[in-house]
Amino acid sequence: MPELPEVETVRRGLEPAMKGKTVAHVDVRRPDLRWPFPTRMAERLTGQKVLRLRRRSKYLLIDMESNETLIVHLGMSGRMLIHWPDAPDGHPEPEKHDHVVFDMEGGVRVVFNDPRRFGLMDMCQTAALDRHKLLAHIGPEPLGNGFDDTYLGAALLGRKTAIKTALLDQKLVAGLGNIYVCEALWRARISPFMRACDVPPAKIRDLVPVIREILVEAIEKGGSSLKDYRQTDGDLGYFQHQFAAYGREGKPCRAPDCKGKIVRAAQGGRSTFYCHICQNVLERDG
DNA sequence: CGTACACCCTGGCCGC
DNA sequence: TGCGGCCAGGGTGTAC
């Protein structure tokens, strides 16, 4: 599902289609996603040039020349499909879950498709983005300078919730979802069930570079599939990465010389994947 | 404030 | 084959 690396991949993929181009037409094909679309969204975007595309956490930020920013969240199943103008049969007819169609000057079409409609869009003054309800309380970017072991140690202090749950908290660190949290804990050999405040300082020091490595690797792999971005299936390879833990229930642990198997357990209503040997999970409490 | 959990939504999959 | 039930899960809202 779209976590930080996937959103970053989408951002990079959209740049050649949108950056520096003027929005010629916007077709809003249903009234709402998770929330109603911003008022007069189509009118506010039409005729405006896209200055740049940014990302904050899992949010895609599209800055317009009008000093407004379009905020896009892909939710669970959201995609941005690009239809280039040189396609032999022109643009295909919109499909059932194509909710917003952006026609750019020059003929490129960008389609927001989201079957489950957990995605959302909003607009706000670019200068006021930091104060926007969705962005104001998000923690530091894991690939930025604000995320280091000093910060993480302080953030986990006194938190009794499981480290798995804590890392999913966007106020603690931005952009991590279920997949990359499972992968990071596996790689750092930390039990997902351990209370956040009980994670030893040495493990916290391990966790910071591990999280960075995993995200960077995932972005690089997403980037390598960008050449396929023109394909109408729009698949960015969300599940093409080689995960070590996520989704590998019952399969052998990939750690060298480890004879363990990946286990799946419910934690906070969602699946956690881990190796009970590497991650030293005894019962259910780390 | 921290913590826990229900809820939103659809498509895919599994078992009967 | 058809159908019910469950699962995926990010973020919000509510309750304790």
Side-chain angles (χ1 to χ4, degrees), chain A residues 1-10 29-38 55-61 71-81 94-100 112-122 124 132-139 141-142 154-185 192-199 215 218 233-241 243 245-250 262-273 284-286:
Chain A
M1 310 311 169
E3 301 182 27
L4 188 156
E6 287 75 27
V7 178
E8 179 60 24
T9 300
V10 169
R29 304 184 69 250
R30 59 169 299 128
D32 58 350
L33 292 171
R34 202 161 82 210
W35 296 336
F37 285 108
R55 178 193 57 74
R56 171 78 170 106
S57 189
K58 301 168 192 171
Y59 293 92
L60 183 65
L61 306 175
I71 303 169
V72 180
H73 196 289
L74 300 175
M76 269 288 294
S77 55
R79 294 170 164 183
M80 286 288 204
L81 306 176
E95 294 175 14
K96 184 178 176 186
H97 300 298
D98 290 348
H99 304 314
V100 185
F112 179 87
N113 175 286
D114 184 9
R116 276 171 246 188
R117 289 198 279 119
F118 276 25
L120 66 85
M121 289 189 191
D122 201 2
C124 137
H132 190 280
K133 173 187 170 185
L134 292 168
L135 303 172
H137 305 292
I138 292 178
E141 287 290 323
L156 297 179
L157 205 66
R159 292 200 62 160
K160 295 192 180 71
T161 196
I163 182 67
K164 158 82 185 313
T165 307
L167 292 176
L168 283 173
D169 183 352
Q170 302 298 297
K171 292 190 288 296
L172 193 140
V173 58
L176 300 183
N178 204 32
I179 294 172
Y180 294 107
V181 168
C182 288
E183 292 300 302
L185 291 174
F193 303 103
M194 183 178 278
R195 295 197 304 177
C197 56
D198 292 338
V199 178
L215 295 176
D233 66 14
D235 195 326
L236 294 180
Y238 292 155
F239 285 104
Q240 290 172 15
H241 307 306
F243 298 128
Y246 185 85
R248 296 192 64 244
E249 182 180 16
I262 300 300
V263 179
R264 176 167 78 153
Q267 201 176 10
R270 51 198 54 157
S271 292
T272 296
F273 297 88
R284 278 295 154 79
D285 57 7

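Worth knowing before you read on, the calculation uses all heavy atoms, side chains too, and leaves out hydrogens, waters and symmetry mates. Just so we're clear, the structure is a prediction, and the values are computed from it rather than from any experiment.
Listed pair Lys160(A) / dT3(B) fails the phosphate criterion, with no side-chain N or O lying under 4.0 Å from OP1 or OP2. The shortest distance between the side-chain N/O atoms of His97(A) and the OP1/OP2 oxygens of dG11(B) is below 4.0 Å. Close to dG11(B), at under 4.0 Å from its OP1 or OP2, lies a side-chain N or O of Lys96(A). A sub-4.0 Å separation between OP1 or OP2 of dG11(C) and a side-chain N or O of His73(A) is present. Contact between the side-chain N/O atoms of Gln170(A) and the OP1/OP2 oxygens of dG11(C) is found at a separation under 4.0 Å. Not one side-chain nitrogen or oxygen of Ser77(A) sits closer than 4.0 Å to the OP1 or OP2 atom of dA8(C).
Take Ser57(A) and apply the side chain to side chain donor-acceptor pair (under 3.5 Å) test, not counting sequence neighbours, and it matches Gln170(A). Here His97(A) pairs with nothing under the side chain to side chain donor-acceptor pair (under 3.5 Å) rule; sequence neighbours left out. By the side-chain contact (heavy atoms from CB on, under 4.5 Å) test, Arg248(A) pairs with Lys251(A), Pro252(A), Arg254(A), Ile262(A), sequence neighbours left out. Judged as a ring-ring contact (aromatic ring centres under 6.0 Å, His included), and not counting sequence neighbours, Phe118(A) has no contacts. Lys171(A) meets the salt bridge (charged side-chain N to carboxylate O under 4.0 Å, His left out) test with Asp169(A); sequence neighbours excluded. Residues satisfying the side chain to side chain donor-acceptor pair (under 3.5 Å) test with Arg30(A), not counting sequence neighbours, are Asp32(A). Applying the side chain to side chain donor-acceptor pair (under 3.5 Å) test to Lys58(A) and every residue at least two apart in sequence or in another chain returns nothing. By the salt bridge (charged side-chain N to carboxylate O under 4.0 Å, His left out) test, Glu95(A) pairs with no residue at all, sequence neighbours left out.
Separating the CG atom of Leu168(A) from the C1' atom of dT12(C) is a distance of 15 Å, rounded to the nearest angstrom. Summarising the geometry, the separation between CD on Gln267(A) and P on dG10(C) is reported as 13 Å, rounded to the nearest angstrom. Between the CG atom of Leu157(A) and the C1' atom of dG2(B) there is a distance of 14 Å, rounded to whole Å. Atom pair Asp169(A):CG and dG10(C):C1' shows a separation of 12 Å (rounding to whole Å applied). Taking atom NZ on Lys164(A) and atom P on dT3(B), their separation rounds to 16 Å, with Å as the unit. Note: CG (Asn178(A)) to C1' (dC7(C)) measures 13 Å, nearest angstrom. Rounded to an integer number of Å, the gap from Leu176(A) CG to dG11(C) C1' is 15 Å. Regarding Leu60(A), its CG atom lies at a distance of 17 Å from the P atom of dG10(C), rounded to whole Å.
In the helix from dG2(B)-dC16(C) to dC16(B)-dG2(C), the end axes, each obtained as the rotation axis mapping the C1' atoms of four pairs onto the next four within a five-pair block, lie 50° apart to the nearest 10 degrees.
With hydrogens and angles ignored, the 3.5 Å screen pairs no side-chain donor or acceptor of Arg195(A) with any backbone N or O of Gly158(A). Looking only at distances, no side-chain donor or acceptor of His99(A) sits under 3.5 Å from a matching main-chain atom of Leu33(A).
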Protein-nucleotides 4-6 of chain B N/O pairs closer than 3.5 Å?
unit_1 : atom_1 : unit_2    : atom_2 : d
dA4(B) : OP2    : Thr161(A) : OG1    : 3.4

Considering only nitrogen or oxygen atoms on both sides, find all protein atoms under 3.5 Å from nucleotides 7-9 of chain B and state each distance.
unit_1 : atom_1 : unit_2    : atom_2 : d
dC9(B) : O3'    : Arg117(A) : NH2    : 3.2

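Among the heavy atoms of the strands lying under 4.0 Å from Leu134(A) are primed sugar atoms or P, OP1, OP2 only; no base atom is included.
Aromatic ring orientation, His73(A) versus Tyr59(A): perpendicular (interplanar angle above 60°, classes split at 30° and 60°).
Checking dG13(C), dA8(C), dG11(C) against every side-chain atom of Lys133(A), the shortest atom distance belongs to dG13(C).
Sorted pairs that involve residues 174-185 of chain A and meet salt bridge (Lys or Arg N to Asp or Glu O under 4.0 Å), not counting sequence neighbours, are lacking altogether.
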